[in-house]
Novice: 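Just dropping this structure here.
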Amino acid sequence: MINKKVANVSEAMEGVKDDMTLMVGGFGLCGIPENAINNLVKMNVKGLTCISNNAGVDDFGLGLLLHKRQIKKMISSYVGENDEFERQMLSGELEVELVPQGTLVERCRAAQSGFPAIFTPAGYGTEVAEGKEIREFNGKMYVLERAFEADFAFVKAWKGDAAGNLIFKGTARNFNPAMCGSAKITVAEVEELVPVGSLDPNQIHIPGIFVQRIFQGEKYEKRIEQLTVRKKA
Amino acid sequence: MINKKVANVSEAMEGVKDDMTLMVGGFGLCGIPENAINNLVKMNVKGLTCISNNAGVDDFGLGLLLHKRQIKKMISSYVGENDEFERQMLSGELEVELVPQGTLVERCRAAQSGFPAIFTPAGYGTEVAEGKEIREFNGKMYVLERAFEADFAFVKAWKGDAAGNLIFKGTARNFNPAMCGSAKITVAEVEELVPVGSLDPNQIHIPGIFVQRIFQGEKYEKRIEQLTVRKKA
Amino acid sequence: MLDKIGIAKRIAKEVKDGYYVNLGIGIPTLVANYVRDDIEVEFQSENGVLGMGPFPYEGEEDADLINAGKQTITTLPGASFFDSSLSFSMIRGQHVDLTILGAMEVSEEGDIANWKIPGKMVKGMGGAMDLVASAQNIIVAMMHTNKAGESKLLKKCSLPLTGVGCVKKIVTNLAVLEVTEDGFKLLERAPGISVEDIKKATEGQLIVDGEIPEMVL
Amino acid sequence: MLDKIGIAKRIAKEVKDGYYVNLGIGIPTLVANYVRDDIEVEFQSENGVLGMGPFPYEGEEDADLINAGKQTITTLPGASFFDSSLSFSMIRGQHVDLTILGAMEVSEEGDIANWKIPGKMVKGMGGAMDLVASAQNIIVAMMHTNKAGESKLLKKCSLPLTGVGCVKKIVTNLAVLEVTEDGFKLLERAPGISVEDIKKATEGQLIVDGEIPEMVL
């Protein structure tokens, strides 16, 4: 068993530098690598390009990095619910590449899987396709989209072991699996680091080969963005 | 919950006709849809094109269909361990398209996922790439391979429910997941059909949306191709 | 004239037995509440869940269980979780039978715009571009006119597009329309709304063929 | 001269701490038995398992647990199962550090042929084409000559190729060789084998630079 465990978040972040490209897991605030993000704020690295479906909210998640102007460019599919983001984008302070959600995840997976590019129908006929190769297959039009290249991927899982094996919970899975192994170094933080051998090999979502560093995360806030409930009858 | 359960293998095979293209899950004899294959023999459909990593052995798996000359064309990555196969192929009675294993599974997944084609490095510079588009990305050469088109996919899972959700066991998973939803109709047979709601939604390998029919399989032989053991000390 | 709930109720009638349905944010989310309960339907959300149920009871919400609108949800028996990649395999691979989403504009050729107002508002397309480029069956739920009273059913969309030639049906507060080769074909009027009202509110080519029935909700 | 076990033992020394290794059928499979036990290594098999252990004890075999050679296996703590698609993501995505496989022929430019003898034998390429097109580090394990005594280290391969310019190192019953821009560079001799013996058995360009040490197993 190849041991991927590191002592803490600081050790896990070793090598992260200004101007790097980072993949950050999560959908909205669900399943985001809270420890890694908070540590990026503390490290004060600047000029970052972040590949992440969303940009957090004003005071949580990647919103914290936006607030401190640490992010040069965001590559995302949806960035609503974040006033500071919208302000920086409309004023031109922040570069933004908006990518259809399915394309975003598949450009991650392409990097993970050794594919240089994909043909997807998403965005055909829109400004997303401008300047890109278009091709017809079986009467339908497709856009050629390239695999991402990133320095670090930060993901969050529910359970993991020192071998780097990961299990996600509910819809906190989202973009995290496709980002594992999609950057030069993948850092996984887990709510619970369990002993090697205690996870069922049949039920592992991401095998350890895709993860370079793993650590036990701390103090998860797991904030809910839109609390919707019904009353008990 | 949308109910996919059918009473038995005969009902599951409804609509299978001569000259169709079938995907068949499994690796060697591991994880093959034994009930579906045996029923294809019984139905005596002819002129089939089979997409399957292997072709069974002389007296088991797809070898049974080869023996009865029901297969016109095999699309596989490895067809050793089958004398009748080799004879039919070398004599020209059987058409064979040999496809690199990673390409084979990804052409299934492309069909499942709505991708028309993929660029893969496998086979570049070999006869596999002949007549296909070659393209360089970042200094490396890739071959354009097309998504499969199939009428039926037959897969075998360990557990499943009437919603069509599937869980595979060990290395019997192999090609089965990528074939689910990759043909017009996907038929899953399971060792154990469990009540809906008894599978953990977090641990389902293939969601039911990819499966059109599911049934409880019978009399699994699960033959071992190469028994390798060590003596107890 | 219909309110948002009325639009949701009318669209719910388009949901058929055995359908897998993806609901967009806003009015489409409400559709789930009005689907007949004697048919089998499963709701998919592109962030990674199939078999969504109603909102959780107070105090039973789980931060790890949300829909694409980031709302807390529950699941029904037979549900499954999966990653974003497999989720868009369901969508792009046309395994989802019906997509219902909102729009800022729809053109008479079935183009749709719903993600950007240049210089003013950019929220992003989320999964909408994948959905409209892939779905066989797309219904748009929206108001017939914008806040300024201008038609949202146009000859050509003025805003950046989300997809081209993809919308099949539109349900607004005023009408049900089908997108045909010749333009918006009027199928039904909202209660109390005349064909004349709909003509006035529709900039794109409107086809009125014979008597137009009033919707039954 | 080495036997198959000797070749496996010599290749085992190429396996480094922290390596994920894919072993082909035949001699490569034997390598696992001779890797130092003070380093951390995991074996991947392309049919869908990472963290393979030894063969099972008699009576403990499981038909659902095999390697790519269809042999019954066991797993070690930390192992995982996955589908063929994710398995080839590991391979194609260069997450596997070392690939060891057999060959019928290797050319001095690093081309490899191991899947077909036209008109005579066609077993198929299995995962070999993906492995050789993707791996950064490929070691070929084979006999230096075929049964007819002809060299398998050639100027050009005569058989249909599996991959081009991909082989980095070759371990045969006679020698260890590195594939360089100028040809096969002789690194080590097998016990009892002279440089002259190796020259005779090598059709492709052989580079002998200085004293060639005998292998230490």
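Below, each value reflects all heavy atoms present in this structure, side chains not excepted, and no hydrogens, waters or symmetry copies. All chains are named by letter (A, B, ...) in the order of the sequence lines, taking the proteins before the strands, and each is independently numbered beginning at 1.
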Novice: Residue by residue, which of residues 28-41 of chain C have a heavy atom closer than 4.5 Å to a heavy atom belonging to chain B?
Specialist: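 Only C:Glu40, C:Val41 of residues 28-41 of chain C have a heavy atom under 4.5 Å from chain B.
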Novice: Going by residue number, which parts of residues 152-179 of chain C are within reach of chain B, meaning a heavy-atom gap below 4.5 Å?
Specialist: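 None at all.
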Novice: With a 4.5 angstrom heavy-atom cut-off, which part of C:Tyr20 approaches chain B: side chain, backbone, both or neither?
Specialist: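 C:Tyr20 touches chain B through backbone and side-chain heavy atoms alike.
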Novice: How far apart are the closest heavy atoms of C:Gly78 and B:Asn165, and which atoms are they?
Specialist: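 What the structure gives for the nearest pair is O-ND2, 2.9 Å.
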Novice: Heavy-atom distance under 4.5 Å to chain C: side chain of B:Asn3, backbone, both or neither?
Specialist: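 Both backbone and side chain.
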Novice: What part of B:Leu199 gets within 4.5 angstrom of chain C, counting heavy atoms only: side chain, backbone, both, or neither?
Specialist: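 Looking at B:Leu199, nothing touches chain C.
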Novice: Relative to chain C, which of B:Pro201, B:Gly164, B:Gly114 shows the most heavy atom pairs under 4.5 Å?
Specialist: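 Winner by heavy-atom pair count: B:Pro201.
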Novice: State whether the side chain of B:Asn202 and the backbone N or O of C:Phe81 hold a donor-acceptor pair below 3.5 Å, judged by distance alone.
Specialist: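 No.
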Novice: Under the salt bridge (Lys or Arg N to Asp or Glu O under 4.0 Å) rule, what pairs show up with a residue in residues 167-196 of chain B, not counting sequence neighbours?
Specialist: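 Every pair satisfying salt bridge (Lys or Arg N to Asp or Glu O under 4.0 Å) with a residue in residues 167-196 of chain B: B:Asp151-B:Lys184, B:Lys156-B:Glu191, B:Lys169-D:Asp62, B:Lys169-D:Asp64, B:Glu191-B:Lys222.
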Novice: Just so I understand: if I count every heavy-atom pair under 4.5 Å between each of C:Ser85, C:Gly18, C:Gly51 and chain B, which residue has the most?
Specialist: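 Most heavy-atom pairs under 4.5 Å with chain B: C:Gly18.
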Novice: Can you say whether C:Leu50 sits under 4.5 Å from chain B via the side chain, the backbone, both, or neither, judging by heavy atoms?
Specialist: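 Only the side chain of C:Leu50 comes within 4.5 Å of chain B.
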Novice: Using heavy atoms and a sub-4.5 Å threshold, report which of residues 90-108 of chain C line up against chain B, by residue number.
Specialist: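 Near chain B, by residue number: C:Met90, C:Arg92, C:Gly93, C:His95, C:Val96.
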